[in-house]
Amino acid sequence: MEKLTIIKIGGNVIDNSENLHRFLEDFTALPGNKILVHGGGKIATELSESLGIEAKMVDGRRITDIETLRIVTMVYAGLINKNMVAQLQAKGSNAIGLSGADGNVIKATKRTGTAIDYGFVGDLNEASVSITTLGALLKAGLVPVLCAITHDGDSQLLNTNADTIASSVAVAMSSLYDTQLVYCFEKKGVLRDINNEDSVVREIKADEFEGLKADGTVAGGMIPKLHNAFEAIKKGVAAVYIGKADELNELSTGNFGTKMLK
Ligand SMILES: Nc1ncnc2c1ncn2[C@@H]1O[C@H](COP(=O)(O)OP(=O)(O)O)[C@@H](O)[C@H]1O
Ligand SMILES: CC(=O)N[C@@H](CCC(=O)OP(=O)(O)O)C(=O)O
């Protein structure tokens with residue numbers, strides 16, 4: 001099987017042009033088949049608030065009313081995705097930017113049946129991902145750049161957490177490629193002490209996750225990120241890492257961030 005690297009980059013790195021530039025250089029330098037998945041939650045929140053629309057998050061998911069859906073579509077599928085593709089092209093990576101609707105790459109389902117009405121939020125799993133389309137793009141030498149916008153197949157765009165997209169795409173693509181999934185954010189990995197950058201936990205086993213939540217070691221956005229990371233490793237992704245965007249060049253040395261174990 002050929003190798004495939006799927007990288008997810010979070011909003012805190014995207015928001016800093018110098019960090020983003022460095023990350024995209026390192027991403028371009030990675031050998032072999034690649035897919036980039038990006039968020040941008042921080043930028044969407046800033047734009048919402050500048051337009052007088054309060055940003056509401058519950059359990060790491062944005063409550064997405066129709067106004068917010070318009071904003072996140074413009075920010076994720078437009079502003080961020082197209083700028084990132086242009087920068088990758090300039091660095092010599094033949095990137096192609098896609099929402100889930102493009103080529104029907106990701107068909108999600110509107111979240112219903114929860115006590116909270118999340119609005120236009122899409123849920124997905126590995127069956128939602130078109131491995132045929134993504135596989136054809138990779139075979140053509142292209143680098144798919146996926147944003148956090150999906151569709152329901154019935155004209156409705158949906159806002160979908162980018163960590164979940166990365167995990168589901170990695171699981172789906174594992175049937176075609178020897179796939180590794182790498183979550184890049186602004187810290188060196190999962191930290192034992194959030195205030196100490198040198199306290200990286202090098203490996204975490206799936207059965208340690210509950211304990212890390214219970215004792216407060218992991219909190220906030222790290223909880224859904226780890227959940228998605230363990231889903232990927234349990235469902236057949238060959239390797240899953242969480243680490244710092246500007247240390248991506250350490251990936252080949254095995255000295256990158258936190259590694260998930262089954
Ligand atoms: N133990 C931990 N190690 C590292 N980060 C943690 C930890 N616990 C909580 N976090 C928080 O999780 C955040 C990452 O989640 P999130 O903001 O959703 O990521 P992203 O930028 O990829 O979207 C970090 O910025 C950090 O504040
Ligand atoms: C439904 C939902 O919560 N969608 C996310 C999608 C963006 C995202 O995941 O961005 P980061 O990776 O930068 O956090 C949101 O709108 O914040």
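Only heavy atoms go into these numbers, but all of them, side chains included; no hydrogens, no water, no symmetry mates. The shown structure was predicted, so the numbers you read here are calculated from the model rather than taken from an experiment. Counting convention: from 1, in listed order, for ligands and their atoms alike. Residue indices begin at 1 and follow the sequence shown.
Considering both main-chain and side-chain atoms, Ala219 comes within under 3.5 Å of ligand 1 through a nitrogen or oxygen pair. Considering both main-chain and side-chain atoms, Thr217 comes within under 3.5 Å of ligand 1 through a nitrogen or oxygen pair. Ligand 2 has no N or O atom lying under 3.5 Å from any N or O atom of Lys42, backbone or side chain. Checked by distance only, ligand 1 and Val190 stay at 3.5 Å or farther apart across all their nitrogen or oxygen atoms. Checked against a 3.5 angstrom limit, the closest N/O atoms of Asn159 and ligand 2 fall inside it.
A salt bridge links Lys8 to Asp163: at least one charged side-chain nitrogen sits closer than 4.0 Å to a carboxylate oxygen. A salt bridge does not link Glu208 to Lys205: none of the charged nitrogens lies less than 4.0 Å from a carboxylate oxygen.
Between the side chains of Thr5 and Gln180, a donor-acceptor pair is found at a separation under 3.5 Å. There is a side-chain donor-acceptor pair under 3.5 Å between Thr164 and Arg61. No hydrogens or angles considered: nothing links the side chains of Glu25 and Thr28 as a donor-acceptor pair under 3.5 Å. When only modelled atom types and interatomic distance are considered, Ser48 and Arg62 share no side-chain donor-acceptor pair under 3.5 Å. Asp193 and Ser199 share no side-chain donor-acceptor pair at under 3.5 Å.
Atoms of ligand 1 found under 4.0 Å from any heavy atom of Lys8 (numbered from 1 in listed order, with element): 20 (P), 22 (O), 23 (O). Numbered from 1 in the order shown, with element, the atoms of ligand 2 that lie under 4.0 Å from a heavy atom of Thr160 read 4 (N), 6 (C). Annotation for ligand 2: atoms under 4.0 Å from non-hydrogen atoms of Asn161 are 1 (C), 2 (C), 4 (N), 9 (O). Every atom of ligand 2 is numbered from 1 in the order shown, and the set under 4.0 Å from a heavy atom of Arg61 is 3 (O). Counting the atoms of ligand 2 from 1 in the order shown, those under 4.0 Å from a heavy atom of Ala148 are 6 (C), 7 (C). Annotation for ligand 1: atoms under 4.0 Å from non-hydrogen atoms of Glu186 are 24 (C), 25 (O).
Looking only at heavy atoms of the protein, atom 19 (O) of ligand 1 is closest to Lys225 NZ, 3.3 Å. Nearest protein heavy-atom neighbour of atom 3 (N) of ligand 1: Leu191 N, 2.9 Å. Among all protein heavy atoms, the one lying closest to atom 27 (O) of ligand 1 is Lys187 CE, 4.0 Å. Regarding atom 21 (O) of ligand 1, its nearest protein heavy-atom neighbour is Asn12 ND2, 3.6 Å. For atom 12 (O) of ligand 1, the nearest non-hydrogen atom of the protein is Met222 N, 3.4 Å. Scanning the protein for heavy atoms near atom 14 (C) of ligand 1, the closest one is Phe185 CD1, 3.7 Å. Scanning all protein heavy atoms for the shortest distance to atom 8 (C) of ligand 2 gives Gly39 CA, 3.8 Å. Of all protein heavy atoms, the one closest to atom 14 (O) of ligand 2 is Gly41 N, 4.3 Å. Of all protein heavy atoms, the one closest to atom 7 (C) of ligand 1 is Ile194 CD1, 3.4 Å. Nearest protein neighbour of atom 4 (C) of ligand 1, counting heavy atoms only, is Gly189 O, 3.5 Å. Nearest non-hydrogen protein atom to atom 17 (O) of ligand 2 is Arg62 NH2, 3.0 Å.
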For this session: Mind running salt bridge (charged side-chain N to carboxylate O under 4.0 Å, His left out) on Lys244 and Glu186 for me, showing each step along the way?
Result: CA-CA 5 Å; Lys244 195 173 173 90; Glu186 78 285 7; over 6 Å; no
Problem set entry | Candidate pair Val240 and Val237, rule side-chain contact (heavy atoms from CB on, under 4.5 Å), full reasoning | CA-CA 7 Å; Val240 181; Val237 176; 4.0 Å; yes
Exercise. Given the rule in the side-chain contact (heavy atoms from CB on, under 4.5 Å) test, do Ser130 and Ile106 qualify, once you have shown the distances and angles that lead to the verdict?
Worked result: CA-CA 6 Å; Ser130 173; Ile106 302 169; over 6 Å; no
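Evaluated for a side-chain contact (heavy atoms from CB on, under 4.5 Å) with Val129, the options Val171, Val169, Asn104, Thr150 yield exactly one hit, Val169.
Contacts of Thr45 with ligand 2, taken as heavy-atom pairs under 4.0 Å, are absent altogether. Using a 4.0 Å cut-off between heavy atoms, Ile9 makes no contact with ligand 1 at all. The side chain of Tyr76, and not its backbone, has at least one atom closer than 4.0 Å to an atom of ligand 2 (non-hydrogen atoms only; side chain from C-beta on). Contacts with ligand 2 closer than 4.0 Å are made by side-chain heavy atoms of Lys8 only, the backbone lying farther away.
In this structure, Lys42 does not count as a contact residue of ligand 1, since none of its heavy atoms falls inside 4.0 Å of the ligand.
You'll find the side chain of Leu191 reaches within 4.5 Å of the side chain of Val200, heavy atoms only. Between Leu251 and Val182, the closest side-chain pair of non-hydrogen atoms falls below 4.5 Å.
Heavy atoms of other residues, nucleotides or ligands lying less than 6.0 angstrom from CZ of Arg192 number 12 at most.
Taking each of Gly40, Gly11, Gly60, Ala162 in turn, the one with a heavy atom nearest to atom 10 (O) of ligand 2 proves to be Gly40. The residue among Cys184, Gly220, Gly221 with a heavy atom at the shortest distance from atom 16 (P) of ligand 1 is Gly221.
Annotation: cation-pi geometry not satisfied between Lys3 and Tyr177 (NZ/CZ under 6.0 angstrom from ring centroid, within 45° of ring axis). Remark: Lys110 qualifies as a cation-pi partner of Phe120 under the 6.0 Å distance and 45° angle criteria applied to the six-membered ring.
In this structure, the ring of Tyr241 has its center no less than 6.0 angstrom from the ring center of Tyr183.
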